[in-house]
Structures are given as C-alpha cells and as structure tokens.
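The structure under discussion appears below in the form of structure tokens.
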There are 2 protein chains.
Amino acid sequence: MKTLRLTSTDRTVLLDSRFFARLPRPTAEAILEGAIVSTHEEHDILFRQDERIDDVFFVLSGLVRLYRLGKDGREADIAILPKGEIFGANAMFLEHRATANAQAAEALIVARFESHKLRQLAAENTDVAQALIELLCRHGKMTEDCLAEDRLLTAPQRVANYILSHCPDGLSTFSFRLPFQKNVLAGKLGLAPEALSRAFSTLRQSGVTVKGRVIEIRDRQALERF
Amino acid sequence: MKTLRLTSTDRTVLLDSRFFARLPRPTAEAILEGAIVSTHEEHDILFRQDERIDDVFFVLSGLVRLYRLGKDGREADIAILPKGEIFGANAMFLEHRATANAQAAEALIVARFESHKLRQLAAENTDVAQALIELLCRHGKMTEDCLAEDRLLTAPQRVANYILSHCPDGLSTFSFRLPFQKNVLAGKLGLAPEALSRAFSTLRQSGVTVKGRVIEIRDRQALERF
DNA sequence: GATGCGACTTGACCCCGATCAAATAACTTT
DNA sequence: AAAGTTATTTGATCGGGGTCAAGTCGCATC
C-alpha cells in the first residue's frame, strides 16, 4: 500500500460522485480537506469485520468487496463497490466498528476521510446529514434487494436480473462488458462460480451469449420472462 | 382499521423508544404533534411495495412484517418489527415509494407521522437528522446480518443463533418465550415453517427443548458450537 | 504464434431445505 | 368439554446449488 495526496482528477471523481455532488461546493471542499489517498493490490484487505475504523472510504478507482466471514472461513459478499462509492460510513454511527471485511477486488485506489471530522460535520451541517441519510437509504435498499433476490430467485433468475439491470429500457437486443471478473459477480449474486457458469449456460436458450467478459442479449423479453 | 388519537400510554411508548428517546423532549413532542393512531387485524396490509406512502410508521403494539413479493407470489421477509420500531422511514428519501409490503403479523396498533413534516424537520434540525441516521444504520446492519446469515448458516445454525441472541451472556441454562408464532420466526429466518420445525428437532440433541412457544436451553456452549 | 498460468466451464455427486401430504397438537368457540 | 379451526410436526420426495475434480478457454508475455 502506498499513500499519496489528492490529484486534481481525484478531486473531480469525488466532486462528481453522488454523495458530494449534492453538497454545496464549499462544504464538499471542506470534507476533502485532509483526505488521504492510498493504492492497494488486488486481494489486499482494507479493514476487517469488528475492527475499529476511524475513516470513511471512497473508491477513486478499482473495486472493493465487502464481505462477512463465517465460522468455517466461508465468505459472504455484502456489497461490491465500484468507483464513486463510499463505504465504512455506517461504522461512524456503530461504535466505529466495521460491519464487514473490505478487500480490494482488483487494483484499487481509495480516498479516506477522518470519520470523526465527517461525523462532526454531519452533526452541525444539515446538508451533510441529508447526504448521509440518502446514502444510507440507498445502501439499505440495495441490501434489501439482495436479500429478497437470494430468497426469491434461482441462480439463472438472478443472473437474468443482473443482465437486465444493465440493459437500457426499450432495447430488445443488447451487449455489454462485465465490469469485473465472473468470480466477483458470482460472489455478488451469492453464488459459487460454478453456479454462475451453469446459470449462463441455462440462459443460452433464452438468447444470452457469453464470450469472455462480453455478454450479448438477443431477446430482452425472454430474459424478463425467466 | 380504526383510527384514533394518541393515548397517554401511547406517548410513553413513543417517547421511550430508541428513536425518540435520543431527541430533546420538545423536538420529540413536535413530531408527535398530529400523529394518527390506527388499529389493524392480523394479516391486514398497511402498504404495498412500490406504492406511494406519505407517512412514517411506528409500532405501538403488535408486530409488523415487511416482505417482498416474487413474480410467482412467494414472499420473502425483509424484517419483523416489534413494538417500538419505526418503519417506512427510508421511503421518505426514496421518492416516497415503499421498498416492501407491510403487513400486520398479529393484532396491531401503529402511529403514523406525515413524512413530509418529518423530513422537513430532519432538514432543519440536526438532532432529528442524527436520530434518522442512527436508525438507518441500525436497520442497514440488521439487513446485512440477515443476508450474511442466509449465505453462511444452515437452518439449525440460524435457529441456534436466534436463540443465543435471546440468551443473556454468562447464563448456561436459560428459557424464554418466543415473541411470535413459529410461522413468523420461520419467515424471519428465511425458512419454510417445516424447516424451522426440523431445525428445532435437530437442536434437541444440543439441549434445546421446545414446548409450544417456550424454548429451553440446557447448554449454551453446545449451541455456540453448532 | 507458441507457451503458460489463471480464469472459467463441465461433470459427478451429495446435502440442505422446499414442497406436498398427512398426522398431531394447540387454541377458540360454543 | 366437544367441535372446529388453525398451528405445528413428521414423513416422503425432489430440485437447486455447493463442492471436488478434471478439463478447456482466454489472455498476457515473450
């Protein structure tokens, strides 16, 4: 891990992100003040479940995987965070204890902000508080979605859903590139890699073609029916 | 459904709840102003997923079940809310759309507050905003816990966990009464009722006795090992 | 374009938990 | 307390997905 200071492109990524974009510019700048940037290799651990953390993290580039560990060492992904996402914010209000492990799912650059400072700001400034509230609502809803998918959908259905979530409305045929390794996608969907693979081959009969990381859809309706 | 006004015991339940207790009394009172109370029969639906809701709800007595519906009509519980819990708050910040169905899991009394008013208050008053933030963090963590349990634990392990969460530290032998029907517990744990029943009989060999709603533990350690 | 390694797929097998059906227990009502 | 519900348990069966073991593919490197 190497630590650096914010570059000007970093600032752009930050200020354009959902969280900061809704804040008045000076407020956002105030938070950026004192931010530290660090780079990490794939598989590096940023922090562990139940560990004390005193920073809030922001993904400048790369991918973070949040996961919990079972007693037997098995891992359950809680969330996959791409560029522009914040994590570790909930720890601020939960005794500063991380609720999950955070790992770089690929080469990664993060910015970190002192959480006591951010928390202080949230306590004084309603804009910051609002931004946090919206962040937490969005994350909460995503976790709920995940839980419901796990309980209601089979593997092929989850994959179909995932694909559809990347397919703009209206288009019936469509193709895109997976934003990460199938490995990671499997974890995100709560599946073993083998199960993801099998799900893709099941979906072949509904017009889904997989070539490396590129997914092609021939028939949106068929997927929706699945 | 019948609608009433707040009784004085209602006020006590509200003001003693985690959400309101952390607010300055006058602020709390301001929110209670204009609250409406309604009673519901078991199985009544309070609102449906994606429906517009303009209130935040508070459980005065009874039990609420939040669940999502699958395309095939199957249901997945997102949360079970006992007396003192708030729900529907996240909708305030998500276009006023409910993220799940809400149903009375037993005879129920709820208070409701106009969400635009509460939201307004949160935007002006940092105490209210803080209270909301903490609420959302707690709920978020609970959903995460649920997701991780689903992915990491077998049915008997989830049940063992649930029992342990009701067993004060230190005690090795212990007994308590389930706060709701096994039916509801099954849903909360993401199990079919039959699976819950079988889980209980599996745990019998680890010193768990079930008589109606009463659960008795002979050996805490055995449960923890499970 | 050959080589090599890691990512992905496929096959075989098995276990957990869903589902359906039926029996039993626990409550309500009367 | 008897009758009728409604909850819960138990049995039997089945399917989805996890795991382990081979392959095979894709991609980077030279």
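Values below: every heavy atom of this structure, side chains too, minus hydrogens, waters and symmetry copies. Order of the sequence lines sets the chain letters (A, B, ...), proteins ahead of strands, with each chain counted from 1.
Within the structure, the salt bridge (Lys or Arg N to Asp or Glu O under 4.0 Å) test picks out the following pairs touching residues 169-194 of chain B (sequence neighbours left out): B/Asp169-B/Arg220. Residue pairs meeting the salt bridge (Lys or Arg N to Asp or Glu O under 4.0 Å) criterion with at least one member in residues 73-82 of chain A, sequence neighbours excluded, are A/Arg65-A/Glu75, A/Arg65-A/Asp77, A/Asp72-A/Arg74. Sorted by first and then second residue, the pairs that involve residues 176-225 of chain B and meet ring pair (Phe, Tyr, Trp, His ring centres under 6.0 Å), not counting sequence neighbours, are B/His166-B/Phe176, B/Phe174-B/Phe176.
Every side chain to side chain contact (heavy atoms under 4.5 Å, CB included) that B/Glu85 has, sequence neighbours left out, goes to B/Leu81, B/Pro82, B/Arg138, B/His139. The side chain to side chain contact (heavy atoms under 4.5 Å, CB included) test applied to A/Ser17 returns A/Phe19, A/Phe20, A/Phe58, not counting sequence neighbours. Under the side chain to side chain contact (heavy atoms under 4.5 Å, CB included) criterion, A/Glu95 pairs with A/Arg97, not counting sequence neighbours. B/Thr209 meets the side chain to side chain contact (heavy atoms under 4.5 Å, CB included) test with B/Glu216; sequence neighbours excluded.
On the nucleic acid side, DNA chain D contacts chain A at distances under 4.0 Å to non-hydrogen atoms, with the end points of that region at D/dG17 to D/dC20.
A salt bridge links A/Arg52 with A/Asp54: at least one charged nitrogen is closer than 4.0 Å to a carboxylate oxygen. A salt bridge links A/Arg68 with B/Glu144: at least one charged nitrogen is closer than 4.0 Å to a carboxylate oxygen.
Not a single donor-acceptor pair under 3.5 Å links the side chain of B/Arg158 to the backbone N or O of B/Leu196. Judged purely by atom type and a 3.5 angstrom limit, B/Thr202 has no side-chain atom pairing as donor or acceptor with the backbone of B/Pro156. Side-chain N or O atoms of B/Asp16 include none that pairs as donor or acceptor with a backbone N or O of B/Val13 at under 3.5 Å. Remark: the backbone N or O of A/Ala98 is not paired with any side-chain donor or acceptor of A/Gln49 at under 3.5 angstrom.
Overall bending of the helix from C/dG1-D/dC30 to C/dT30-D/dA1, expressed as the angle between end axes built from five pairs apiece, is 50° (10° steps).
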Filtered N/O pairs between nucleotides 16-24 of chain C and protein, under 3.5 Å:
| residue | atom | partner | partner atom | Å |
| --- | --- | --- | --- | --- |
| C/dG17 | OP1 | B/Ala155 | N | 2.6 |
| C/dG17 | OP2 | B/Ala155 | N | 3.4 |
| C/dA18 | OP1 | B/Gly190 | O | 3.4 |
| C/dA18 | OP2 | B/Ala192 | N | 3.1 |
| C/dT19 | O4 | B/Arg198 | NH2 | 2.8 |
| C/dC20 | N4 | B/Glu194 | OE2 | 3.2 |

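Taking a 4.0 Å limit (strictly below) on heavy-atom distances, residues 176-184 of chain A reaches DNA chain C at A/Gln181, A/Lys182, A/Asn183. Of all the residues in residues 210-219 of chain B, not one reaches under 4.0 Å from DNA chain D with any non-hydrogen atom.
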Step-by-step side-chain contact (heavy atoms from CB on, under 4.5 Å) determination, A/Glu114 to A/Asp55 = CA-CA 5 Å; A/Glu114 290 175 59; A/Asp55 291 299; 4.3 Å; yes
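Between the P atom of C/dG6 and the NE2 atom of A/His43 lies a distance of 10 Å, rounded to the nearest Å. One atom, CG of A/Leu203, and another, P of C/dT9, lie 12 Å apart when rounded to the nearest Å.
Atom CZ of A/Arg213 has more than 12 heavy atoms from other residues, nucleotides or ligands within 6.0 Å.
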